[in-house]
Participant: 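Let me give you the structure first, and then I'll get to my questions.
Residue numbers start from 1 in every chain, and the chains themselves are labelled A, B, ... in the order their sequence lines are given, proteins ahead of strands.
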Protein chains: 2
Amino acid sequence: MGKLFSKTYLALRQEILSGKLASGKSLIEQTLADRFEVSRTPIREAIRQLQREGLVESNRGGGLRVTVVTIADAIHLYDCRLGLEQVAAMGACENATAAQLEDLQDCLAQANLSDPTDPSMRSPNNVDELENRLRIDQSFHRLLADSSGNPQLADLLEQVFSKMALLRLTTTYQNPDVLEIWAEHEQIVAAIVQRDSQAAAIAVRNHLVASKMRVVQALQGLKTEASLQGIALF
Amino acid sequence: MGKLFSKTYLALRQEILSGKLASGKSLIEQTLADRFEVSRTPIREAIRQLQREGLVESNRGGGLRVTVVTIADAIHLYDCRLGLEQVAAMGACENATAAQLEDLQDCLAQANLSDPTDPSMRSPNNVDELENRLRIDQSFHRLLADSSGNPQLADLLEQVFSKMALLRLTTTYQNPDVLEIWAEHEQIVAAIVQRDSQAAAIAVRNHLVASKMRVVQALQGLKTEASLQGIALF
DNA sequence: CGTATACTCAATGTATACAATTTTTCTCGC
DNA sequence: GCGAGAAAAATTGTATACATTGAGTATACG
């Protein structure tokens with residue numbers, strides 16, 4: 001029952017999100033078809049879907065490639081989130097169901113579980129632990145988007161998140177402090193629970209402005225580091 | 001040099017935006033292929049692109065159709081714009097080039113040209129004139145998005161605009177007063193010219209909140225009107 | 001008469017062959 | 001050696017045939 005294109009879509013997506021297919025890598029239909037042992041047709045369909053999600057973009061001069069996210073893009077994406085997630089938070093104050101509020105709180109609980117005041121956990125060198133936290137963070141923001149009761153909004157945010165996921169591939173491992181976020185998340189949830197949309201919007205704004213700053217700093221750190229080694233990152 | 005799929009894409013897009021292919025109409029590859037006298041392959045490519053733009057969506061139960069925009073969707077889309085365009089306006093205050101500022105002002109001038117205090121022009125029964133104003137309005141908002149210097153943002157807004165264009169097919173002709181907007185547009189431009197991002201954000205907010213209200217009222221008018229006639233609009 | 005099963009048909013999914021186009025590489029003349 | 005131009009290869013675009021799936025219909029059986 002599993003359509004071939006959806007299998008290859010999932011596989012490709014996984015490879016992109018895991019970095020196995022690096023940012024900027026150009027996608028050749030025949031090559032992929034050979035690798036996945038299907039014809040070009042399902043590959044094309046899979047690529048189209050990835051294009052819709054923003055994980056694949058067209059190379060200048062024709063051809064497709066895995067989307068490249070530059071520092072400038074990162075900033076721009078954060079600004080998009082800033083606009084959209086404030087609206088989402090206000091929507092959530094009006095429309096979040098009891099179940100959704102619980103889910104949000106569960107998310108916080110899960111995060112706290114792995115984030116005691118133990119300083120060794122604050123900046124874990126453990127990659128699994130980091131990935132786990134990232135997953136929870138993504139869940140949180142996705143949950144927030146869904147709670148807004150605005151599917152159009154959730155859709156747009158999903159696209160932004162996809163591209164940010166690409167970004168994190170290069171960033172977060174280098175910058176565990178990005179995970180100061182949980183106190184900020186708690187403020188957001190608190191405001192939503194109280195159905196205080198002004199406070200929620202402000203909390204989201206604070207969170208995203210701070211996150212943006214953290215990430216940009218991390219990226220610029222990476223950049224100078226890379227340029228010292230003569231690596232062209234962006 | 002014109003690839004077939006781009007021709008059929010343009011044709012299909014035109015038909016959708018002009019209403020010739022009505023909202024909700026389901027798209028059958030073979031049928032379209034016959035009509036445009038090409039094979040199914042370019043049709044599929046064209047449809048995928050339209051899907052990316054949000055003009056085509058998947059029907060529950062499989063199959064694709066021209067996107068249906070309900071009243072709820074209209075509200076949701078306005079909320080998305082509210083978030084995104086405020087950010088756009090603030091970005092424009094920082095990044096708009098002299099040329100872009102001029103373009104924005106030209107846009108206003110063009111609108112005023114066809115909007116003297118002549119009351120007969122205020123609610124033109126002239127369809128061409130209405131379409132012209134709509135075009136100018138779209139240009140204005142697109143220009144605003146571009147002036148932000150944030151391509152990601154412009155991209156997201158473009159998607160929103162596409163769906164709104166579908167909406168206007170049913171709405172605006174019935175509701176010429178929607179075009180009270182120009183005074184509001186002037187405030188936006190004034191703020192951007194002065195590089196006052198707070199004022200710009202507020203002006204955008206005012207404009208979109210008002211527009212949203214106008215459109216929702218118009219839609220609800222349509223709805224009751226239609227239900228009186230036993231027509232299921234949404 | 002109702003229901004379940006098999007059939008039919010319409011639509012999409014997949015493979016493949018071929019065309020058109022673009023890019024690369026090779027060679028020839030300078 | 002190097003640039004122009006032609007041959008070759010690689011890549012995407014298009015057509016078409018066939019497979020699969022799913023929805024609807026007819027039919028046979030209880």
Side-chain angles (χ1 to χ4, degrees), chain A residues 1-16 20-68 155 162 166 232, chain B residues 1-16 19-68 155 162-163 166 232:
Chain A
M1 182 247 155
K3 305 279 165 67
L4 283 188
F5 88 81
S6 83
K7 283 191 191 307
T8 59
Y9 158 72
L10 289 172
L12 270 178
R13 179 189 164 84
Q14 172 57 24
E15 291 198 359
I16 292 174
K20 188 178 169 193
L21 260 175
S23 245
K25 182 97 183 173
S26 85
L27 300 170
I28 310 300
E29 292 176 3
Q30 190 57 56
T31 307
L32 296 171
D34 291 346
R35 188 139 73 78
F36 290 106
E37 298 182 301
V38 296
S39 80
R40 278 171 55 210
T41 317
I43 296 285
R44 284 171 78 125
E45 292 293 318
I47 289 180
R48 296 296 174 265
Q49 186 150 344
L50 290 166
Q51 238 179 319
R52 252 171 274 147
E53 294 175 36
L55 290 177
V56 166
E57 66 187 2
S58 61
N59 221 329
R60 72 261 154 218
L64 298 172
R65 66 176 184 192
V66 179
T67 297
V68 175
D155 244 43
S162 288
L166 274 180
Chain B
M1 182 248 152
K3 307 278 164 70
L4 284 188
F5 89 81
S6 81
K7 283 191 190 308
T8 59
Y9 158 73
L10 289 172
L12 270 177
R13 180 188 164 86
Q14 172 57 25
E15 292 198 358
I16 291 174
K20 189 178 168 192
L21 261 174
S23 245
K25 182 95 183 175
S26 87
L27 301 170
I28 309 300
E29 291 176 4
Q30 190 57 58
T31 307
L32 295 171
D34 291 345
R35 188 140 73 78
F36 290 106
E37 296 180 302
V38 297
S39 80
R40 279 170 54 209
T41 316
I43 296 285
R44 284 172 78 125
E45 292 293 318
I47 289 179
R48 296 295 173 266
Q49 186 150 345
L50 291 167
Q51 238 179 318
R52 251 172 274 148
E53 295 175 34
L55 289 177
V56 167
E57 66 187 1
S58 61
N59 220 329
R60 72 258 152 217
L64 299 171
R65 66 176 184 191
V66 179
T67 296
V68 175
D155 244 43
S162 289
K163 291 197 188 171
L166 274 181

Participant: Would you mind reading off the distance between A:I28 atom CD1 and C:dT21 atom C1', rounded to a whole angstrom?
Facilitator: 14 Å

Participant: Can you check whether A:L64's main-chain N or O pairs, donor with acceptor, with A:S58's side chain at less than 3.5 Å?
Facilitator: no

Participant: In whole Å, I'd like the distance from the NZ atom of B:K3 to the P atom of D:dT14.
Facilitator: 7 Å

Participant: Which whole-number value in Å describes the distance from A:L27 CG to D:dA10 P?
Facilitator: 19 Å

Participant: Starting from P on D:dT11, measure out to CG on A:N59 and report it in whole angstrom.
Facilitator: 13 Å

Participant: Roughly, in whole Å, what's the span from CD1 in A:I47 to C1' in D:dT12?
Facilitator: 11 Å

Participant: Do any N or O atoms of the protein come closer than 3.5 Å to N or O atoms of nucleotides 16-20 of chain C, and which pairs are they?
Facilitator:
none

Participant: Is B:L55 close to B:V66 at the side-chain level, that is, under 4.5 Å between some pair of heavy atoms?
Facilitator: no

Participant: Can you measure A:E29 atom CD to C:dT22 atom C1' for me and round it to whole angstrom units?
Facilitator: 14 Å

Participant: Below 4.5 Å, heavy atoms only, C-beta onward: do A:E15 and A:K25 meet side chain to side chain?
Facilitator: no

Participant: Taking CZ from A:R44 and P from D:dA15, how many angstroms apart are they, rounded to a whole number?
Facilitator: 12 Å

Participant: Can you find a heavy atom in the side chain of B:L32 that is under 4.5 Å from one in the side chain of B:R35?
Facilitator: yes

Participant: Taking side chain as C-beta onward, heavy atoms only, is B:F36 less than 4.5 Å from B:L4?
Facilitator: no

Participant: Over how many whole Å does the gap from A:E45 atom CD to C:dT14 atom P extend?
Facilitator: 8 Å

Participant: Would you call A:K3 and A:E45 a salt bridge, taking side-chain N to carboxylate O under 4.0 Å as the test?
Facilitator: no

